[in-house]
Colleague: 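Submitted below is the structure of interest, expressed as structure tokens.
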Amino acid sequence: VPLIGIRSEVTGSLQAGAKKIELNPLKDFVGVSRPQQETNAVRNSDIVFVGYGVVAPEYDWDDYKGVDVKGKTLLMLINDPPAADQQLFKGKAMTCYGRWTYKYEIASEKGAAAAIIIHETGPAGYPFEVVTGSWGQENFDLARPDKNQGRVPVESWVSLDKARELLSAAGQDFESLKTLAATREFKPVALKARANFQAKNSIREVRSRNVIGKLIGSDPKLRDEYVVYTAHWDHLGK
């Protein structure tokens, strides 16, 4: 399996009005830049809060409402919208829309310049140290023909405290926005804030392998049929 190892050094700051908000890598912020080039930059990108950043037609849910966010920095919440209807987004069970992978994928589809997920331990299911512990190391992607040029240039996380600081400086309240984001009526909120990021990448090619184990069945009629179980090696630790 051809992979690419990417070790990113992402730095940056947020500007809300006259207040410059510094981001402290591996303390209250962590980012990765997956387009396969040595440097990537995001300059003076307008920040838009997009709720949970979800477009789920089967649930009649669209957090973007047709708003053009191309070139913008998207600020979003982790997990699914906490709908009161337990049939919506499968209740407490996280769907694919709650995964951070999906949120960065939809940001890429929308042409965003950067995506920032607000970390909360409860909804995420793990503390911020897990994010910084894994994202602060080398990350791996499949080697793609487009060299990840279609990916959002900066994928990142911020701590809840840092998000509150940003929103307060932009004249917004985190809890109010989060409550609004839990409704179908939510529309993107353009913040009076901008983002700047600089990314330096160290890139290497990696040849990996998939491992397959086969247990042959004993039933002569069914032994040529297969039940496939898949898993992944998780997680990075110390």
Side-chain angles (χ1 to χ4, degrees), residues 10 14 21 23-32 47-65 69 72-110 112 114-136 139 152 154-168 170 172-189 191 193 195 232 234-237:
V10 181
L14 310 174
I21 300 171
L23 299 174
N24 304 297
L26 303 184
K27 293 184 179 179
D28 52 40
F29 168 82
V30 64
V32 171
I47 303 176
V48 181
F49 177 71
V50 293
Y52 288 87
V54 170
V55 178
E58 68 271 35
Y59 296 122
D60 189 27
W61 196 283
D62 182 0
D63 282 330
Y64 292 91
K65 304 292 192 300
V69 294
K72 306 294 177 64
T73 292
L74 308 184
L75 181 67
M76 59 186 74
L77 300 165
I78 192 63
N79 211 320
D80 297 310
D85 179 357
Q86 293 299 294
Q87 299 304 311
L88 190 62
F89 291 102
K90 298 185 179 180
K92 293 183 178 180
M94 182 186 290
T95 72
C96 64
Y97 299 111
R99 294 278 296 150
W100 55 265
T101 47
Y102 166 82
K103 296 174 188 291
Y104 295 137
E105 287 167 0
I106 192 70
S108 297
E109 290 179 19
K110 298 290 184 180
I116 306 172
I117 293 177
I118 300 171
H119 179 270
E120 293 184 86
T121 298
Y126 40 78
F128 195 58
E129 290 77 13
V130 170
V131 181
T132 58
S134 57
W135 281 57
N139 285 262
V152 61
V154 173
E155 302 174 1
S156 64
W157 299 73
V158 294
S159 67
L160 179 57
D161 287 344
K162 185 61 63 172
R164 289 183 187 276
E165 181 182 354
L166 167 63
L167 292 171
S168 177
Q172 299 285 345
D173 174 69
F174 173 78
E175 297 299 339
S176 297
L177 287 177
K178 185 175 180 180
T179 298
L180 182 61
T183 67
R184 279 197 175 98
E185 292 71 34
F186 172 82
K187 295 180 179 180
V189 178
L191 304 178
H232 64 285
D234 198 340
H235 196 277
L236 299 177

Colleague: Can you confirm whether or not the ring centre of F49 sits under 6.0 Å from the ring centre of F186?
Modeller: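 Between F186 and F49, which both carry aromatic rings, the centre distance is below 6.0 Å.
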Colleague: Tell me whether K65 at atom NZ has more than 12 heavy atoms from other residues, nucleotides or ligands lying less than 6.0 Å away.
Modeller: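 For K65, atom NZ is crowded (more than 12 foreign heavy atoms under 6.0 Å).
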Colleague: Quick one: CG on L177 to CZ on R164, what's the gap to the nearest 0.5 Å?
Modeller: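 Answer rounded to 0.5 Å: 11.0 Å.
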Colleague: Where do I78 and W157 come nearest, in terms of heavy atoms and distance?
Modeller: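 What the structure gives for the nearest pair is CD1-CH2, 3.9 Å.
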Colleague: When H119 is tested against each of W100, F128, F29 for ring pair (Phe, Tyr, Trp, His ring centres under 6.0 Å), which residue passes?
Modeller: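 By the ring pair (Phe, Tyr, Trp, His ring centres under 6.0 Å) criterion, H119 pairs with just one of W100, F128, F29: F128.
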Colleague: To check you understand the geometry: which heavy-atom pair defines the closest contact between K162 and N24, and what is its length?
Modeller: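 Heavy-atom minimum between the residues: NZ-ND2, 4.3 Å.
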Colleague: How long is the straight-line distance from CD1 of I117 back to OH of Y52, given to the nearest 0.5 Å?
Modeller: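 Answer for the OH-CD1 pair, Y52 versus I117, is 12.5 Å.
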Colleague: Return each pair, listed once, that meets salt bridge (charged side-chain N to carboxylate O under 4.0 Å, His left out) where at least one residue sits in residues 99-108; pairs must be two or more places apart or across chains.
Modeller: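 Salt bridge (charged side-chain N to carboxylate O under 4.0 Å, His left out) check on residues 99-108 returns no pairs.
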Colleague: Do the non-hydrogen side-chain atoms of V54 and Y59 ever get within less than 4.5 Å of each other?
Modeller: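 Heavy-atom side-chain distance check fails, nothing below 4.5 Å.
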Colleague: Donor-acceptor pair, distance only, cut-off 3.5 Å: does the side chain of D80 make one with the backbone of G98?
Modeller: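 Here the side-chain-to-backbone pair exists.
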Colleague: How about T95 and Y102: do any of their side-chain heavy atoms sit closer than 4.5 Å?
Modeller: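 They are not in contact (no side-chain heavy atoms under 4.5 Å apart), so the answer is no.
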Colleague: Could you measure the distance from the CD atom of E185 to the CG atom of L180? Nearest 0.5 Å is fine.
Modeller: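 Nearest 0.5 Å value for the CD-CG distance: 8.5 Å.
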Colleague: Passes side-chain contact (heavy atoms from CB on, under 4.5 Å), L167 versus L75? Steps please.
Modeller: CA-CA 10 Å; L167 292 171; L75 181 67; 4.0 Å; yes
Colleague: So which atom in D63 and which in G51 form the shortest heavy-atom distance, rounded to 0.1 Å?
Modeller: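 Taking D63 first and G51 second, the nearest heavy atoms are OD2-C, 4.4 Å.
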Colleague: Please check if the side chain of S156 supplies one atom and the backbone of A115 the other of a donor-acceptor pair under 3.5 Å.
Modeller: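 Answer holds: yes.
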Colleague: Measure the spacing between CG of L77 and NZ of K178 and express it to the nearest 0.5 Å.
Modeller: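 Nearest 0.5 Å value for the CG-NZ distance: 6.5 Å.
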Colleague: Can you tell me how far the CD1 atom of I47 sits from the CD1 atom of I116, to the nearest 0.5 Å?
Modeller: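 It is 5.5 Å, given to the nearest 0.5 Å.
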Colleague: Check the angle between the aromatic planes of Y104 and W135 and answer parallel, tilted or perpendicular using the 30° and 60° thresholds.
Modeller: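 Tilted.
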Colleague: Please give me the minimum heavy-atom distance between V30 and G136, naming the atom from each residue.
Modeller: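 The pair with the smallest heavy-atom distance is CG2-N, 4.1 Å.
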Colleague: Measuring from D173:CG to T179:OG1, what's the distance to the nearest 0.5 Å?
Modeller: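 So the gap between those two atoms works out to 8.5 Å.
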Colleague: Indicate the atoms forming the closest heavy-atom contact of A195 with T73, along with that distance.
Modeller: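 Smallest heavy-atom distance, with atoms named: CB-OG1, 3.6 Å.
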Colleague: May I ask you to decide if E165's main-chain N or O and S168's side chain share a donor-acceptor pair within less than 3.5 Å?
Modeller: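 Checked: no pair found.
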Colleague: Can you give me the closest heavy-atom contact between P123 and N79, atom names plus distance?
Modeller: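 Distance-wise, the nearest heavy atoms are O-ND2, 2.6 Å.
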Colleague: Would you say that D28 contacts V158 through its side chain, given a criterion of any heavy-atom pair below 4.5 Å between the two side chains?
Modeller: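 No, side chains not in contact.
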